[in-house]
Peer 1: 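Take this structure, written in structure tokens, and hold onto it; I'll ask about it next.
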Amino acid sequence: MDYNFSEIEKKWQAFWANQKSFAAEENSNKPKYYVLDMFPYPSGAGLHVGHPLGYIASDIVSRYQRHRGFNVLHPMGYDSFGLPAEQYAIQTGQHPAVTTEQNIKRYRQQLDRIGFAFDWSREVRTSDPSFYRWTQWIFLQMFDAWYDYDEEQAKSIEELIWYFHKNGSDGLNAACGEDLHFTPEEWEGYDEATREQILQNYRLAYRSESTVNWCPALGTVLANDEVKDGLSERGGHPVVQKKMMQWSMRITAYADRLLAGLDHIDWSESLKESQRNWIGKSQGASVFFELKDHEANIEVFTTRPDTIFGVSFMVLAPEHYLVDEITTPDQAEAVKAYQEQAARKSERDRMTEVKSISGVFTGAYVKHPFSGEEVPVWIADYVLAGYGTGAVMAVPGHDSRDWAFAKHFGLPIKEVVSGGNVEEASYDAKEGKLVNSDFLNGLEVKAAIAKAIEAIEDKEIGKAQINFRLRDAVFGRQRYWGEPIPIYYVDNMPRRVKEEHLPLELPAVDKFLPTEDGEPPLARASMWNYHPDKGVVPAGEGYPLETTTMPGWAGSSWYDLRYMDARNTEAFADKEKLDYWQNVDLYIGGSEHATGHLLYTRFWHKFLVDKGYLNQEEPFKKLINQGMILGYSAFAHRIDGTNTFVSAEQAKEHKTSKVHVDVSLVNTSDELDVNAFKNWRDDLKNAEFIFEGSFKVSREVEKMSKSKFNVVNPDDIIEQYGADTLRLYEMFLGPLEQSKPWNTAGISGVHNFLKKLWRLYHQGGNWNVTDDAPNEKEWKALHTLIKKLNEDIANFSFNTSVSAFMIAVNELGDLKCGKKAILEQLPILISPYAPHIAEELWDRLGNVGSINEEPYPQHEEKYLVESSVNYPVSFNGKVRFTLSLPADMSKDEVEKTVMAEDKTQQYLDGKAPRKVIVVPGRIVNIVL
RNA sequence: GCCCUGGUGGUGGAAUUGGUAGACACGCGGGACUUAAAAUCCCGUGGCCAGCAACGGCCGUGCGGGUUCAAGUCCCGCCUGGGGCACCA
């Protein structure tokens with residue numbers, strides 16, 4: 001009876017589907033356990049072996065928790081809005097909904113073959129109107145909300161209007177764009193448009209100007225990584241920085257809570273650190289510098305007000321609103337040229353290119369608030385318009401970028417904190433005594449900061465301030481394939497679409513491109529107006545609807561909640577269900593989402609808590625980042641200027657360039673199937689090859705991607721070895737969190753293990769399990785395994801649990817153990833990892849029904865007690881021999897016995913030891 | 001550039017968190033079974049040195065320092081791979 005994995009796996013996958021084995025229970029008395037995977041974007045390339053890594057890990061945990069008596073929620077869905085489907089639609093004219101549907105089908109087939117315990121009855125798709133109806137609904141809740149800092153929560157906009165009516169802006173402590181001041185009478189006097197403009201300053205979803213990478217040729221906005229050296233990556237068209245009215249989300253209102261919440265969740269320290277850095281809370285002061293010959297002031301934010309006497313120039317971002325006003329005529333030309341040059345650089349380029357220092361003097365001066373000295377005002381692109389006030393007071397003595405700038409342009413460098421040599425380099429440390437600083441002289445930095453702020457406040461030229469690096473999140477996208485924003489405009493004033501008209505469905509368009517005059521694709525739709533009584537109406541009726549769509553992260557910011565009650569048509573989820581499932585106990589996904597998705601999701605949950613819909617501020621109690629599976633790319637070496645390829649070992653003898661080769665054309669010994677390669681692409685039909693014996697390729701580890709031809713499809717592995725082998729192998733590859741290259745070389749070891757396991761039950765070829773009582777060794781092998789498994793699952797150390805299985809099965813195999821008392825436990829133990837073989841063996845043992853709720857075994861210490869310990873005996877830390885001693889021997893006795901040993905005397909060589917260290921149960925070290 | 005993270009045999013990795021470095025597996029070498037192959041099983045396998053053999057010596061966890069009886073593990077300084085840096089998902 002051979003191990004026929006394909007038959008076994010088909011049988012049990014069908015069984016689970018029929019029995020709905022993995023549907024989470026409704027109204028259960030069991031304790032809940034919610035395991036979630038970051039849902040995939042269904043790309044046209046299909047699932048590759050990197051995707052299931054996290055899913056297998058979460059599947060193991062979900063099955064394990066089911067064995068332990070929990071009501072487990074382990075759902076799956078699709079993050080199905082996104083750019084690739086839209087690009088494909090632009091190229092082929094096919095509607096993204098069609099290709100997305102196809103891709104999802106393919107993903108589902110691939111996922112089903114791996115034997116996951118997903119509750120498919122709760123599947124969600126962000127692009128499905130029944131889902132995005134609620135994404136839009138949440139957007140409207142944000143539109144209708146403002147944030148009260150005094151009570152630290154979001155409140156309804158009605159309440160704010162009432163407040164303005166009664167008090168004007170007086171005493172309001174709200175999250176806002178700018179500080180506004182008006183009286184109740186003034187509020188009453190404003191027309192509707194002005195009122196709305198004021199409300200926009202407070203709404204949590206609001207419109208404002210933000211700077212974007214605009215590509216006029218493509219008529220669209222690009223991400224930073226789509227821009228290379230001022231040109232679009234697709235097509236190489238020029239890209240400029242442009243200000244644009246955009247929908248944004250006031251995530252900054254929640255900065256402090258997002259920061260504080262990190263202390264209560266079980267995420268890796270490094271990930272929390274990333275979020276802390278992203279939020280970037282810094283304490284300092286805002287200071288106004290009075291301009292010479294102008295009314296205006298320049299406001300700067302600094303974390304080092306103590307160094308104010310070291311200011312020798314000011315730097316504004318080239319886009320700063322004051323630049324045009326203050327530039328003197330003789331500098332105007334240079335400033336304009338510089339501004340144009342800066343507009344061509346993306347923000348990323350500006351942050352990265354620290355080596356090329358550039359800037360231009362505006363001709364303007366400010367007056368130093370304390371010394372009265374005239375300080376020149378420059379513009380430079382190392383100052384970003386979007387951060388702080390877009391202006392810095394440059395202290396070259398104590399800030400390295402300012403120092404480099406001063407050196408380059410020959411500006412004065414003043415030392416105001418002692419401890420370094422400012423001629424050699426800036427002294428950035430916050431340690432030392434203040435010098436050359438008038439009333440601050442002699443103070444330590446910390447005290448000087450406090451004193452400087454005091455002086456600044458006394459003089460009324462600024463105040464202590466907390467600044468965040470976190471910016472409000474731009475929410476509008478110039479794209480088709482995203483959630484429509486449920487807003488229409490009356491006289492340019494945004495109005496909310498009525499809830500009864502949700503979902504506001506994506507309209508049909510003739511092309512998925514922007515319009516000729518650069519409007520987003522939705523502007524092409526003929527049915528894209530709105531009437532408050534009728535809903536969506538054709539052009540010519542009603543009012544225009546918003547034409548930008550929501551970003552990729554909108555749907556993923558709350559999808560975890562929808563799984564709790566995925567088919568609800570009355571609410572995004574029922575309150576009772578939200579209360580039962582609470583939040584995600586274990587979330588597994590890639591670290592590339594460390595700041596984006598994870599921060600936005602936390603923000604939306606906090607908002608929904610404020611509005612009373614949820615009671616859990618933190619969506620994900622525990623989070624694990626699975627490492628990326630990298631591809632093992634293959635390259636053939638082509639001699640430059642020819643169509644002749646040379647085998648890798650001879651490549652050095654020629655001038656060659658490397659050409660990606662599909663990894664399926666290469667075997668594990670790096671040998672290329674030359675004929676298959678020739679047929680792979682037309683341009684290779686007549687290629688020549690130079691090699692001896694076999695043609696070799698060279699290998700490199702890269703990200704797994706279709707364009708690099710290094711994608712490995714799990715279907716092929718399952719075909720050859722089965723899903724259980726794939727599952728075990730992905731875990732065996734290494735620690736979950738670590739990135740690692742995919743290499744199938746080791747897979748036969750894991751497959752062999754499953755065959756060995758199978759043979760334990762089929763010794764001599766047929767079913768052969770006896771009722772004999774196990775001996776001590778067999779019990780010990782089993783309970784060592786049980787103990788290790790429970791520990792490993794608790795630590796998410798699945799690679800070592802696979803090893804533990806191998807060790808146990810090897811041992812039981814050596815012992816020829818065919819005893820039921822042992823063999824009936826193994827299937828339960830392995831069921832989370834290799835569920836198909838587990839069910840099959842369980843079934844053959846004579847059990848009825850699924851194994852998946854059998855209680856998980858717990859180890860018993862009595863089988864594990866060791867009577868002796870093998871002590872390594874070392875001299876000066878070098879192990880020389882080992883000595884087996886009774887486990888309960890006391891420290892003194894161990895020392896005595898070791899010292900009496902012949903070998904010890906041999907190594908002592910007549911000398912007396914200086915010290916003998918005995919760690920009971922561990923080691924003996926003799927110091928000479 | 002800034003932030004996060006990794007670097008251990010030919011390969012993937014293990015190491016009770018400061019206590020015998022290389023578990024488990026792949027690969028490789030040798031052997032058994034077989035007419036042969038597949039399958040299966042057994043032995044060996046970090047490097048160098050010494051040796052008929054049993055036994056043994058030295059080196060070794062990216063590099064350079066340090067702490068400690070003891071360092072892959074802790075500290076300082078480098079080199080280097082990967083991820084992120086706000087419109088890729």
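All values derive from a computational prediction rather than experimental measurement. Chain letters run A, B, ... following the sequence lines, proteins first, then strands; residues in each count from 1.
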Peer 1: Before you tell me yes or no, could you show the steps for Phe603(A) and Trp553(A) under ring pair (Phe, Tyr, Trp, His ring centres under 6.0 Å), namely the whole-Å CA-CA distance, both residues' side-chain angles and the distance that decides it to 0.1 Å?
Peer 2: CA-CA 12 Å; Phe603(A) 159 44; Trp553(A) 51 267; 7.7 Å; no

Peer 1: Using a heavy-atom cut-off of under 4.0 Å over every strand shown, decide if Leu470(A) touches base, sugar-phosphate, or nothing.
Peer 2: base

Peer 1: Using atom C1' in both nucleotides, what's the gap between rA23(B) and rA32(B) to the nearest angstrom?
Peer 2: 27 Å

Peer 1: Rounding to the closest angstrom, what is the interatomic distance between rA53(B) and rU45(B) at atom P?
Peer 2: 15 Å

Peer 1: Between P on rC87(B) and CZ on Arg479(A), what's the gap in Å once rounded to a whole number?
Peer 2: 11 Å

Peer 1: I'd like to know whether Val873(A) forms a side-chain contact (heavy atoms from CB on, under 4.5 Å) with Tyr907(A), so could you lay out the CA-CA distance, the side-chain angles of the two residues, the decisive distance to 0.1 Å, and finally the verdict.
Peer 2: CA-CA 11 Å; Val873(A) 181; Tyr907(A) 282 101; over 6 Å; no

Peer 1: For rU73(B) and rG6(B), measure between their C1' atoms and round to the nearest Å.
Peer 2: 15 Å

Peer 1: If I take atom CG in residue Asn103(A) and atom C1' in nucleotide rA89(B), what distance separates them, rounded to the nearest angstrom?
Peer 2: 14 Å

Peer 1: Could you please name the option among rC4(B), rG84(B), rG13(B) that lies closest to any side-chain atom of Thr595(A)?
Peer 2: rG84(B)

Peer 1: Assign each of Arg759(A) and Met628(A) to its nearest nucleotide of RNA chain B by heavy atoms, then name whichever residue's nucleotide is nearer the 5' end.
Peer 2: Arg759(A)

Peer 1: Distance check, rounded to the nearest 0.5 Å: Leu754(A) atom CG versus Arg727(A) atom CZ?
Peer 2: 11.5 Å

Peer 1: Can you tell me how far P in rG72(B) sits from the matching atom in rG19(B), rounded to whole Å?
Peer 2: 10 Å

Peer 1: Within this structure, what is the CD-to-P distance between Gln275(A) and rC85(B), rounded to whole angstrom?
Peer 2: 13 Å

Peer 1: What integer number of Å spans the P atoms of rC41(B) and rC26(B)?
Peer 2: 10 Å

Peer 1: Go nucleotide by nucleotide along RNA chain B from the 5' end; which of Pro741(A) and Arg471(A) gets its closest nucleotide reached first?
Peer 2: Pro741(A)

Peer 1: For the P atoms, the ones on rA71(B) and on rG64(B), what distance do you get once it is rounded to whole angstrom?
Peer 2: 16 Å

Peer 1: Decide side-chain contact (heavy atoms from CB on, under 4.5 Å) for Asn876(A) and Lys878(A); before the verdict, give the C-alpha distance in whole Å, the side-chain angles of both, and the deciding distance to 0.1 Å.
Peer 2: CA-CA 6 Å; Asn876(A) 286 338; Lys878(A) 279 179 192 165; 5.9 Å; no

Peer 1: Using the P atom as the point on both nucleotides, what is the distance between rA50(B) and rC58(B), in whole Å?
Peer 2: 15 Å

Peer 1: Roughly how far apart, to the nearest Å, are rG56(B) and rG51(B) at atom C1'?
Peer 2: 9 Å

Peer 1: Separation of Phe798(A) atom CZ from rA14(B) atom P, in whole Å?
Peer 2: 14 Å

Peer 1: What does the 5'-to-3' dot-bracket notation of RNA chain B look like when only Watson-Crick and G-U wobble pairs under 3.5 Å count, and pairs to other strands show as |?
Peer 2: (((((((..(((......[....)))((((((.......))))))((((......))))..(((((..]....))))))))))))....

Peer 1: Using the rule given for side chain to side chain donor-acceptor pair (under 3.5 Å), can you reason through Asn925(A) versus Ser874(A), listing the C-alpha separation, both sets of side-chain angles and the distance that settles it, and then say yes or no?
Peer 2: CA-CA 5 Å; Asn925(A) 190 16; Ser874(A) 54; 3.1 Å; yes

Peer 1: Going by atom types alone, do Ser426(A) and Asp399(A) pair a side-chain donor with an acceptor below 3.5 Å?
Peer 2: no

Peer 1: Hey, does Gly476(A) reach any base, or is it just sugar-phosphate, or nothing, if we go heavy atoms under 4.0 Å?
Peer 2: base

Peer 1: Taking only the side-chain heavy atoms of Asn743(A) (C-beta and beyond), determine which of rU11(B), rA89(B), rG84(B) contains the nearest atom.
Peer 2: rU11(B)

Peer 1: Centres of the Phe5(A) and Tyr721(A) rings: under 6.0 Å?
Peer 2: no

Peer 1: Considering every strand and a 4.0 Å limit on heavy-atom distances, what is the contact class for Pro735(A): base, sugar-phosphate, or nothing?
Peer 2: sugar-phosphate

Peer 1: Give the B/S/- string for nucleotides 15-27 of chain B, one per nucleotide from 5' to 3', where a protein heavy atom under 4.0 Å of the base yields B, of only the sugar-phosphate yields S, and otherwise -.
Peer 2: -B--BB--BBSS-

Peer 1: Considering all heavy atoms of both residues, which atom of Thr100(A) and which atom of Pro42(A) are nearest to each other, and what is their separation?
Peer 2: CG2-CG, 4.3 Å

Peer 1: Base, sugar-phosphate or nothing for Tyr907(A)? Non-hydrogen atoms, less than 4.0 Å.
Peer 2: sugar-phosphate

Peer 1: Kindly say if Lys878(A) contacts the phosphate of rC59(B), meaning a side-chain N or O under 4.0 Å from OP1 or OP2.
Peer 2: yes

Peer 1: With syn defined as a glycosidic torsion within 90 degrees of 0 and anti otherwise, which applies to rU16(B)?
Peer 2: anti

Peer 1: Could you tell me whether the side chains of Thr126(A) and Tyr78(A) share a donor-acceptor contact shorter than 3.5 Å?
Peer 2: no

Peer 1: Scan Gly82(A) against the nucleic acid and name what it touches under 4.0 Å (heavy atoms): base, sugar-phosphate only, or nothing.
Peer 2: sugar-phosphate

Peer 1: Quick check on rC58(B): is either OP1 or OP2 less than 4.0 Å from any side-chain nitrogen or oxygen of Arg880(A)?
Peer 2: yes

Peer 1: Side chains of Gln246(A) and Arg477(A): is there a donor and an acceptor less than 3.5 Å apart?
Peer 2: no

Peer 1: Are side-chain N/O atoms of Asp79(A) and Ser556(A) paired as donor and acceptor at under 3.5 Å?
Peer 2: no

Peer 1: Which listed nucleotide (rC3(B), rA89(B), rG13(B)) is nearest to the side chain of Asn277(A)?
Peer 2: rC3(B)

Peer 1: With sugar-phosphate meaning primed atoms plus P, OP1 and OP2, does Gln738(A) contact a base, only sugar-phosphate, or nothing at under 4.0 Å between heavy atoms?
Peer 2: sugar-phosphate

Peer 1: Could you encode protein contacts along nucleotides 42-50 of chain B as a string, one character per nucleotide from 5' to 3', using B for base contact, S for sugar-phosphate-only contact and - for no contact, with a heavy-atom cut-off of under 4.0 Å?
Peer 2: S--------

Peer 1: Quick one: is Asn876(A) getting a side-chain N or O under 4.0 Å of the rA70(B) phosphate, OP1 or OP2?
Peer 2: no

Peer 1: Check whether the side chains of Ser797(A) and Thr800(A) place a donor and an acceptor atom closer than 3.5 Å, and report yes or no.
Peer 2: yes

Peer 1: Any side-chain N or O of Lys740(A) below 4.0 angstrom from OP1/OP2 of rG13(B)?
Peer 2: no

Peer 1: Within 90° of 0 counts as syn, otherwise anti: where does rG9(B) fall?
Peer 2: syn

Peer 1: Just verifying a value: how many Å separate Ile917(A) CD1 and Ile926(A) CD1, rounded to the nearest 0.5 Å?
Peer 2: 10.0 Å

Peer 1: In this structure, how many angstroms lie between the P atom of rA86(B) and the CZ atom of Arg469(A), rounded?
Peer 2: 9 Å

Peer 1: Does any donor atom in the side chain of Asp402(A) or Tyr382(A) lie under 3.5 Å from an acceptor atom in the other side chain?
Peer 2: yes

Peer 1: Once you round it to whole Å, what is the distance between C1' of rU5(B) and CD of Gln626(A)?
Peer 2: 15 Å

Peer 1: Can you measure Asn625(A) atom CG to rA89(B) atom C1' for me and round it to whole angstrom units?
Peer 2: 15 Å

Peer 1: Go through it in stages, so that I can follow the logic: the residues are Met550(A) and Phe475(A), the test is side-chain contact (heavy atoms from CB on, under 4.5 Å), and I'd like the CA-CA distance, side-chain angles, deciding distance and then a yes or no.
Peer 2: CA-CA 6 Å; Met550(A) 298 190 196; Phe475(A) 198 69; 3.4 Å; yes

Peer 1: Taking CZ from Phe81(A) and P from rC87(B), how many angstroms apart are they, rounded to a whole number?
Peer 2: 18 Å

